[in-house]
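Report on the structure given below.
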Number of protein chains: 2
Amino acid sequence: MEERASRPTLAAVARRAGVAASTASLVFSGSGPVAEATRERVLTAARELDYGGPDPTARSLRRGRSGVIGVVTEDRLAETFRDPVNVALLDGIGEELSDARLSLLVIPMAGVGGPDPGDAAIDAAILIGCTTNVADSVASLRRRGVPFVGVETEPLDGVTAIDIDNREACAAAARLLARLGHRRVAVVTLPLDPGRRRAPLDPAREAASTSFVARERLAGVRTVFPDAGGVSAASSAVDEGMIAGRSLLDGPAASRPTAVLAQSDLLAVGIVLAAEERGLRVPEDVSVVGFDGIAVDGLLSRALTTLAQPVEEKGRAAGRAVLAALRGERAPDRLLQCELRVGSTTGPAPDDTSFR
Amino acid sequence: MEERASRPTLAAVARRAGVAASTASLVFSGSGPVAEATRERVLTAARELDYGGPDPTARSLRRGRSGVIGVVTEDRLAETFRDPVNVALLDGIGEELSDARLSLLVIPMAGVGGPDPGDAAIDAAILIGCTTNVADSVASLRRRGVPFVGVETEPLDGVTAIDIDNREACAAAARLLARLGHRRVAVVTLPLDPGRRRAPLDPAREAASTSFVARERLAGVRTVFPDAGGVSAASSAVDEGMIAGRSLLDGPAASRPTAVLAQSDLLAVGIVLAAEERGLRVPEDVSVVGFDGIAVDGLLSRALTTLAQPVEEKGRAAGRAVLAALRGERAPDRLLQCELRVGSTTGPAPDDTSFR
DNA sequence: GATTCGAGTCGAAACGATTCGACCCCTCGT
DNA sequence: ACGAGGGGTCGAATCGTTTCGACTCGAATC
C-alpha cells in the first residue's frame with residue numbers, strides 16, 4: 001500500500017479542467033453560478049484524477065466551521081459507553097443532530113490524560129456526565145470561543161443548562177421512605193470530587209465536592225432527613241455499589257440504616273446484592289432506592305424502586321440547545337422532572353427494637 | 001455573548017512576546033529548542049491575550065493529521081446507540097484509542113442523508129455495523145486516502161478485516177437444532193440490502209444481497225439445512241422480530257417451522273413474543289435461537305439460546321488494527337469465534353404428524 | 001586564535017481550500 | 001445604439017499553523 005501518495009487537490013483538478021481554482025471550488029461548494037459545461041468539465045477532471053472532493057480540514061480552516069459537535073464526557077472513552085445513562089443521552093443528542101448533518105465527536109474530559117477538549121476541531125460542545133472536574137474543560141472551551149451547553153453541570157455564566165430536578169426527585173424518594181416509617185436512611189453518592197475517593201460523608205467533604213449532581217441529590221434527601229449520612233462511591237457501577245453497601249450494612253441491626261438511597265441504579269443494584277450477601281432481605285430488612293430508571297432487569301431479578309429521569313428527552317433538549325448555540329442564540333434553560341417509580345425494593349421500615 | 005469576536009492567533013501572541021511566529025509555535029508544539037526565557041515570555045503573552053493554544057484546524061491542515069478516528073456506522077446516529085452490539089463495540093474500540101490520545105468521531109454511513117464519511121477530517125476509520133451499503137463509504141474513504149479497517153464487512157482489498165466466524169457459529173446452532181430433531185427451520189435475517197425490504201428469502205434476493213454478515217450467517221445454517229427458508233427483517237429490533245415471527249408462524253402446524261434462527265438477539269426476542277402472541281409455547285412448539293449474546297434479560301423473562309460473540313474483544317481488535325493502519329502498517333486479519341450458549345428457548349422438535 | 005558546532009531564532013513557504021472584488025461579455029430595455 | 005445588469009470566470013488574499021533551511025552568536029576544540 002503506497003500509504004501517503006499525495007492525493008490530488010482542487011488546484012490540480014482545476015488545472016486539468018482548464019479553469020481557475022476558484023471556479024472549481026464553486027462547482028463543489030455549489031455556492032455561486034457556474035455554467036453547465038464548465039461544471040461538467042470540472043467534474044470529469046475530478047473523476048479522472050480520482051479526486052474525492054474538497055479536503056475537509058482545509059475547508060474547515062477557511063470556513064471557520066467543521067460540522068462537528070463535541071460531546072465532552074467525564075470518563076475515558078471506554079467508560080463513557082459502559083454507562084447506560086450516557087448511551088441514552090447520546091441517543092437523544094444524536095437524534096437532533098443527525099438531522100442537521102452534524103457529526104458527534106466524543107471527547108474525554110480535560111485532565112484525564114486524553115486529548116484536551118480544546119484540541120479538537122469542533123463548532124460547539126455539549127458537556128455530559130461531567131460531574132467532578134468540569135472547570136478545566138469549561139475554561140478550555142471558553143478560551144477557544146467554542147459555544148457549549150451543559151447537561152447537569154453547575155450553573156455556568158451564559159451557558160444554557162439542561163438539568164433534571166435532582167433535588168425534588170430525591171426529596172420525593174425520601175418522603176416515600178419517611179411515609180414507610182424509615183428513620184435511619186443512608187445515601188450512597190456518585191463520586192464527589194476528581195479524586196473519586198470512597199469514604200463516609202462529612203460536612204467538609206460535601207462542601208468541597210465538585211460534583212453538582214451529587215450535592216443536589218444529597219440535598220434533596222436532606223430536606224426530609226436532615227441528618228442522613230452515607231458514603232461516596234468511586235464510580236457509578238454495580239461493584240462500587242456492593243462496596244458501599246457492605247460498608248453501610250455491616251454492624252448491628254440497631255445502628256444499620258433501614259433504607260439506602262443510591263444516586264444511580266447501578267449503585268442500587270450493588271447495594272441490593274451486598275444486602276443479600278449479608279443475608280438481609282430486601283425490602284423487609286432494608287429498602288433500596290436507585291436513580292435513573294434505566295433497565296437493570298438483567299442485573300436484578302426484581303423491580304428496583306427508582307427515580308426515572310427522562311434521559312432521552314434530556315438528550316434531545318441538549319441537542320436542540322447546542323444547535324441554537326451554534327446559531328449564536330441562547331436556548332432557554334430546561335429543568336426536567338423525574339418520576340418516582342416504586343418497585344419491590346422498598347417497603348415498611350422493620351420493627352426497630354432500639355426505638356421501643 | 002459576543003459570539004464571534006475573533007480569537008487571538010499565534011501570530012498575535014508572538015508579536016506581543018516580541019518573537020517570530022515560528023518560535024512561538026515551537027513553544028506550543030514542544031518540538032525544537034527554545035530558550036527558557038523566551039518560552040516564559042511567550043507563555044505570558046498567551047496568558048495575557050487569553051490564547052487557548054494553536055487552532056486545531058490550522059494545525060491539522062499543516063500537519064496532515066487530526067487526531068480523530070472515524071467510526072462509520074450503518075445507521076443514523078440515533079440508531080447507532082440504540083443497538084447494544086454497537087455500544088459494546090464502541091466500548092472496546094474506545095478502550096484502545098483513548099490510550100493513544102485519539103478521539104472518536106461517529107459518522108453515519110454514506111448515502112443516508114448524513115454527512116459523507118469523506119467529509120469528516122479523520123486520520124483513519126473503522127467501519128462497524130455497515131452491513132448493507134458499505135460500497136459508497138469505502139469508495140469515499142479510498143478516494144480520500146484515509147486508511148481504514150472493516151469490522152464484519154465484505155473482504156476488502158488491502159483492508160484489515162476483524163470478523164467473527166459467522167458461518168461456523170450458525171452452523172453450530174443449526175447442528176444443535178438438527179440434534180434436537182428439527183427438520184423445518186426458518187431463518188430471520190438482518191436487512192439484506194439498502195432497501196431493507198421485509199420479504200421472504202429467495203435465491204435471487206440472497207444472491208443480490210449486499211450484506212455480508214446476513215449472507216454468511218445464512219450460509220452457516222444452510223450447511224446443515226440446505227433448504228432452510230425464511231424472511232428478511234428491516235432492521236435489528238424487537239418489533240421487526242415480531243413482524244417476521246408473525247409471518248413465519250401463521251399457518252397450519254404442519255407447514256410451520258419448528259425452529260427459527262434469528263440473526264440477532266433483538267430479532268429473536270421479537271420472534272418469541274410473536275409465538276406467545278399466537279399461543280405457541282417456546283420451546284415446546286417452536287424453538288428460537290438468537291445471535292449476539294447481549295443482555296436481553298430485560299426484554300424476555302427467560303434465557304435465550306444464542307450465539308454469543310466476543311464483541312468487546314472485537315472492538316479492541318479493531319482499535320488495535322486502526323492504530324496500525326495509522327502507522328502505515330497492516331494488522332493481520334482476525335476471525336473470532338462465537339460461543340453457542342444454550343438457554344431455555346430451544347428444545348426437542350415437536351411430534352410432527354405430517355412426518356408420520 | 002581560527003574553526004567547528006549546536007542551541008536558539010527567524011523568514012518564507014507550504015497546507016488546501018473559500019471568498020471577495022474586479023472584469024468581461026452578452027443580452028435586454030428603452 | 002447605448003447603458004445597465006447580470007451570469008460566468010478569474011486572481012489574489014486569507015484562514016492559522018508548522019516546518020524547512022538559513023542565519024547568528026557564543027562556547028568548545030585543537
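Note: hydrogens, waters and symmetry copies are ignored here, and every other heavy atom, side chains too, is used. Throughout, protein chains are lettered first and strands after them, A, B, ... in sequence-line order, and every chain is numbered starting at 1.
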Rounded to whole angstroms, how far apart are CZ on A:Arg59 and P on D:dG16?
18 Å
Determine the contact category for A:Ser22: base if any of its heavy atoms lies under 4.0 Å from a base atom, sugar-phosphate if only primed atoms, P, OP1 or OP2 are that close, otherwise nothing.
base
How is B:Pro54 classified with respect to the nucleic acid when contacts are heavy atoms under 4.0 Å: base, sugar-phosphate, or nothing?
sugar-phosphate
For B:Thr38, which contact category applies under a 4.0 Å heavy-atom criterion: base, sugar-phosphate, or nothing?
sugar-phosphate
Which nucleotide wins on minimum distance to the side chain of B:Leu61, given the candidates D:dT19, D:dG16, C:dA17?
D:dG16
Select one nucleotide: of D:dT19, D:dG11, C:dT19, the one nearest the side-chain heavy atoms of A:Ala20.
D:dG11
Paired with D:dC30: which nucleotide, if any, by Watson-Crick or G-U wobble criteria at under 3.5 Å for both distances?
C:dG1
Could you give the CG-to-P distance, from B:Leu10 to C:dC15, as a whole number of Å?
20 Å
Is the phosphate of D:dC10, meaning OP1 or OP2, less than 4.0 Å from a side-chain N or O of A:Thr23?
yes
Grab the CZ-P distance between A:Phe28 and C:dT18 for me, whole Å please.
9 Å
How close or far is atom C1' of C:dT9 from atom CD of B:Glu36, stated in whole angstroms?
16 Å
Looking at every non-hydrogen atom in both residues, tell me the closest pair between A:Val311 and A:Ala88 and how far apart they are.
CG1-CB, 3.6 Å
Nearest to the side chain of A:Leu26, heavy atoms from C-beta on, is which of D:dT19, D:dT17, D:dT9?
D:dT9
What is the distance, rounded to the nearest whole Å, between atom CZ of B:Arg65 and atom C1' of D:dT18?
12 Å
How long is the line joining CZ of A:Arg15 and P of D:dG11, in whole Å?
13 Å
How many whole angstroms separate atom CZ of A:Arg7 from atom C1' of C:dG16?
14 Å
For A:Thr38 and A:Val34, indicate whether the former's side chain and the latter's backbone hold a donor-acceptor pair under 3.5 Å.
no
Distance check: side-chain N/O of B:Tyr51 vs OP1/OP2 of D:dG16, anything under 4.0 Å?
no
Whole angstrom value for the distance that separates P of D:dT14 from CG of B:Asp55:
18 Å
Looking only at D:dT17, D:dT9, C:dG8, the nucleotide nearest the B:Ala35 side chain is C:dG8
So, A:Ser29 versus A:Ser31: side-chain donor-acceptor pair below 3.5 Å or not?
yes
Using a distance-only criterion (donor-acceptor N/O pair, under 3.5 Å, no hydrogens), is the base of C:dT18 paired with the side chain of A:Arg62?
yes
Consider only side-chain N and O atoms of A:Ser66 and A:Asp123, and report whether a donor and an acceptor are under 3.5 Å apart.
yes
Counting only N and O atoms by type, is there a donor-acceptor contact under 3.5 Å from the side chain of A:Thr160 to the main-chain atoms of A:Ala331?
yes
